[in-house]
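Step one of this worksheet: look at the structure below.
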Amino acid sequence: RESIERSRTTGLSGPFGPWLAVPKIALPAQELGRLVRYETTLTFRESELVILLTGAAFKSESEFDIHVGEARKAGLSWDVIDSIPRGRLLSEEDATNDNDS
């Protein structure tokens, strides 16, 4: 628990509470999260943009909301953040209709 708490900039919100309920998965899950977030070729800014896009795509409001602050720290503007569709993704039909306008 302590190592997870020390590594979090956003507290134990998100998946961390459930992970701690099963200690055998908590540390491996934490390590996986660290690797895919920090050990990539993406910049901090790119990583936070991908996290926001993924949160929006999977309609995970908590993931999106948790990472808005991190995205701002990474240099994403409010215009970029506000342009990410939330609540529903455009279907192929919607996208086609938008292009016809």
Side-chain angles (χ1 to χ4, degrees):
R1 179 182 179 104
E2 291 172 8
S3 67
I4 292 174
E5 286 177 327
R6 278 195 309 271
S7 68
R8 309 303 330 140
T9 59
T10 56
L12 292 179
S13 56
F16 305 104
W19 288 357
L20 292 173
V22 185
K24 285 185 178 184
I25 69 162
L27 288 176
Q30 170 72 0
E31 180 64 8
L32 175 62
R34 186 189 68 74
L35 288 171
V36 299
R37 186 163 179 211
Y38 300 113
E39 301 292 326
T40 71
T41 59
L42 299 177
T43 65
F44 180 42
R45 186 174 187 271
E46 292 167 335
S47 178
E48 289 303 322
L49 178 58
V50 169
I51 292 168
L52 291 180
L53 291 169
T54 303
F58 286 93
K59 300 177 183 165
S60 176
E61 291 185 33
S62 60
E63 186 72 12
F64 193 97
D65 292 342
I66 288 166
H67 280 275
V68 165
E70 294 296 299
R72 292 291 295 144
K73 289 179 196 172
L76 287 172
S77 69
W78 281 115
D79 286 342
V80 169
I81 294 168
D82 290 341
S83 73
I84 298 170
R86 295 179 68 187
R88 80 173 180 89
L89 296 178
L90 291 177
S91 67
E92 287 183 34
E93 182 180 324
D94 290 335
T96 301
N97 291 339
D98 284 348
N99 290 332
D100 294 339
S101 308

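Numbering of residues begins at 1 and proceeds along the displayed sequence.
If you take CG on Leu32 and CD1 on Ile25, they are separated by 11.0 Å, rounding to the nearest 0.5 Å. Once rounded to the nearest 0.5 Å, the distance linking OG1 of Thr43 with CD of Glu48 reads 9.5 Å. We find the CZ-CZ distance between Arg72 and Arg45 to be 10.5 Å, quoted to the nearest 0.5 Å. Atom CG of Leu52 and atom CG of Asp65 lie 9.5 Å apart (nearest 0.5 Å). Atom CZ of Phe64 is separated from atom NZ of Lys59 by 14.0 Å, given to the nearest 0.5 angstrom.
Within the 4.5 Å cutoff, no side-chain heavy atoms of Val68 are placed close to those of Leu76.
Linking ILVMFWY side-chain heavy atoms closer than 4.5 Å, directly or via other members, places Phe44 and Trp78 in two distinct hydrophobic clusters. Ile51 and Leu35 fall into different hydrophobic clusters, defined by Ile, Leu, Val, Met, Phe, Trp and Tyr side-chain heavy atoms under 4.5 Å apart, directly or through other members.
Minimum interatomic distance between Ala56 and Ile84 (heavy atoms only, all atoms of both residues): CB-CG2, 3.6 Å.
In terms of modelled atom types and a separation under 3.5 Å, the side chain of Thr54 and the main chain of Val50 share a donor-acceptor contact.
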